[in-house]
Amino acid sequence: MPGQRKRKRQRERAAQARSPRAGRWEPLFSTRDEAELRAHVQRLRAEGELTDPSMMRVDMFCGRLQSPTSYRLSLFVPDPTD
């Protein structure tokens, strides 16, 4: 699709502008079942481990016949300041 790469770069720049802190995204949970992903997120919220939703990212890897669609939950881990 024309312009898709440009839109992706714009979204990435906007996300970086919203997150002034330096850090990295660490994968926390991966599954092929969307309902299982939702249940895991709800459990994290209920346990109090996920207090800020902006620190969470859900990636959906679209599949084909060879590799089915999968979901990955990542949490932002800020770099420690010395």
Side-chain angles (χ1 to χ4, degrees):
M1 179 182 270
Q4 187 172 2
R5 185 177 300 167
K6 180 180 178 182
R7 287 191 298 273
K8 183 178 177 182
R9 280 193 310 253
Q10 289 172 343
R11 282 193 306 263
E12 289 172 354
R13 287 184 193 137
Q16 289 174 353
R18 285 189 302 246
S19 177
R21 296 174 277 175
R24 64 190 182 284
W25 290 97
E26 284 195 5
L28 181 66
F29 182 73
S30 184
T31 184
R32 290 185 180 166
D33 185 18
E34 187 178 359
E36 187 179 358
L37 174 72
R38 281 192 228 132
H40 189 77
V41 170
Q42 288 175 351
R43 189 173 70 242
L44 287 175
R45 287 182 179 161
E47 293 173 356
E49 293 183 31
L50 185 61
T51 56
D52 186 7
S54 68
M55 303 295 275
M56 175 185 72
R57 181 175 78 182
V58 176
D59 298 313
M60 183 174 107
F61 300 104
C62 295
R64 301 276 189 257
L65 295 175
Q66 296 293 330
S67 58
T69 301
S70 62
Y71 305 91
R72 182 173 62 192
L73 174 68
S74 301
L75 293 179
F76 185 76
V77 179
D79 287 339
T81 54
D82 297 11

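In this chain, numbering begins with 1 at the start of the sequence shown.
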- Task: Taking all heavy atoms of R32 and all of Y71, pick out the closest pair and write down the distance.
- Result: O-CE1, 3.8 Å
- Could you tell me how the ring of F76 sits relative to the ring of W25: parallel (under 30°), tilted (30 to 60°) or perpendicular (over 60°)? perpendicular
- Item | Evaluation steps, salt bridge (Lys or Arg N to Asp or Glu O under 4.0 Å), between R38 and E36 | CA-CA 5 Å; R38 281 192 228 132; E36 187 179 358; over 6 Å; no
- Message: Could you check whether E47 pairs with R45 (Lys NZ or Arg NE/NH1/NH2 to Asp/Glu carboxylate O, under 4.0 Å)?
- Response: no
- Any side-chain heavy-atom pair of R72 and F61 under 4.5 Å: yes
- Task: Quick one: pull up CG in L73 and OG1 in T31 and give me the separation to the nearest 0.5 Å.
- Result: 11.0 Å
- Query: When rounded to the nearest 0.5 angstrom, what distance separates OG in S74 from CZ in R57?
  - Reply: 5.0 Å
- Would you say the side chain of V41 lies within less than 4.5 Å of the side chain of M56, judging by non-hydrogen atoms? yes
- Any chance the side chains of D52 and S54 put a donor and an acceptor closer than 3.5 Å? yes
- Message: Grouping I, L, V, M, F, W and Y whenever their side-chain heavy atoms are under 4.5 Å apart, do V77 and L28 come out in a common cluster?
- Response: no
- Roughly how far, to the nearest 0.5 Å, is the OG atom of S70 from the CG atom of D33? 12.0 Å
